[in-house]
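Proteins come first, then strands; the chains are lettered A, B, ... in the order of their sequence lines, and each starts at number 1.
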Number of protein chains: 2
Amino acid sequence: MKPTHLHPPGRCRMIDEVLSLIGDKWSIYVVVMLGQGKRRFSELKREVDGISQKMLTVTLRGLERDGYVTRTAYATIPPRVEYELTELGQDLLVPVRALGDWANRNESRVVGARIRYDARRAQAAE
Amino acid sequence: MKPTHLHPPGRCRMIDEVLSLIGDKWSIYVVVMLGQGKRRFSELKREVDGISQKMLTVTLRGLERDGYVTRTAYATIPPRVEYELTELGQDLLVPVRALGDWANRNESRVVGARIRYDARRAQAAE
DNA sequence: CTGTATCCTACGTGATACTG
DNA sequence: CAGTATCACGTAGGATACAG
């Protein structure tokens, strides 16, 4: 994915980590959901808007592998699996929420900028 | 954050915006680079390791449209274009850096979790 | 209910060539 | 120097079917 070798180790390395940790489409949503408490597979499927069964599975496996969530399966019938944030997952929630809050507070600024940009381009196209 | 879990009909738009920013491959790199001061196109090309000319252009257009960077072209020969973070861009840098710092501090925990996970799976496969 | 296993398409990205 | 225009490709991710 990345040909990083000719770079001063500090900064770019950290960004690499960020992207590899949360760069995919669904992880953040799932983590935020689990931030409100443990969830069953089907609950997540319902709550994470638009996610497919496949991607929920893939995402959860990734989060589990990276130590953000635990998976607990109960051998009942029907089966029942619960996912829960680990301490690492809870920690991650802090900067993630900061980012989310920022996004909330600044949404209008981005939307505004976008409208102005598009307006300028539309005019330039005439 | 707050009850994102009741994203009614629509979904949580605000976070989508910023998420898509982080979601793509290059935007964060460029923003962080510009966090160190204004840059010319060719400078960014050199500094953002591995980015192609096309993707740098695409990325910069996106950032410009969203109001994170300004583009200033000087009609000299040869042409010269400078990109710089707007105030919005600078603001974004704060939570982004927080996330980056978190990633740095917790990298070993993730790597460890990953190794343990893989080890368990390798064993289970025997 | 909680997954796997395929298949298939759309999109992001890189390589290359060309322009002002 | 700072782009734009094509093409070619891999893969993330959706749809679907099936299994434990």
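Between A:Glu82 and A:Lys38 there is a salt bridge, since a side-chain N of the basic residue sits under 4.0 Å from a carboxylate O of the acidic one. Of the charged side-chain nitrogens involved, none lies within less than 4.0 Å of a carboxylate oxygen, so that A:Asp66 and B:Arg109 do not count as a salt-bridged pair.
Note: A:Trp26 CH2 to A:Met55 CE = 8.5 Å, rounded to the nearest 0.5 Å.
The outermost nucleotides of DNA chain D lying under 4.0 Å from heavy atoms of chain B, listed 5' to 3', are D:dC1 to D:dC7.
Atom CZ of A:Arg40 and atom P of C:dC1 are 8 Å apart (whole Å). C:dT2 atom C1' lies 14 Å from atom CD1 of A:Ile51, rounded to whole Å.
Residue contacts shown for A:Tyr83 are limited to sugar-phosphate atoms, with no base heavy atom under 4.0 Å away.
B:Val58 is connected to B:Tyr68 through a chain of hydrophobic side-chain contacts under 4.5 Å among Ile, Leu, Val, Met, Phe, Trp and Tyr, so both are in one cluster. A:Leu60 and A:Met33 fall within a single hydrophobic cluster, where Ile, Leu, Val, Met, Phe, Trp and Tyr are joined by side-chain heavy atoms under 4.5 Å apart, directly or via other members.
Heavy-atom distances under 4.0 Å link DNA chain D to B:Arg61, B:Arg71 of residues 58-71 of chain B, given in residue order.
Take the nearest nucleotide of DNA chain C for A:Pro78 and for B:Met55: the residue whose nucleotide is more 5' is A:Pro78.
Considering only side-chain N and O atoms, A:Ser42 lies under 4.0 angstrom from the phosphate OP1 or OP2 of C:dT2.
Closest approach of A:Leu34 to A:Tyr83, counting heavy atoms only: CD2-O, 3.5 Å. The nearest pair of heavy atoms linking B:Arg39 to B:Gly37 is NH1-O, 3.3 Å. Residue A:Val32 comes nearest to A:Leu93 through the heavy atom pair CA-CD1, 4.1 Å, listed as atom of the first residue, atom of the second, then distance. Among all heavy-atom pairs drawn from B:Leu92 and B:Pro95, the shortest one is O-CD, 3.1 Å.
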Handout entry: Protein-to-nucleotide contact annotation, 5' to 3' order, nucleotides 15-20 of chain C [B base; S sugar-phosphate only; - none; under 4.0 Å, heavy atom]
Key = B-B--B
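Using modelled atom types, no side-chain atom of A:Gln90 and backbone atom of A:Glu87 make a donor-acceptor pair closer than 3.5 Å. A donor-acceptor pair under 3.5 Å is formed between the side chain of A:Thr86 and the backbone N or O of A:Gly67.
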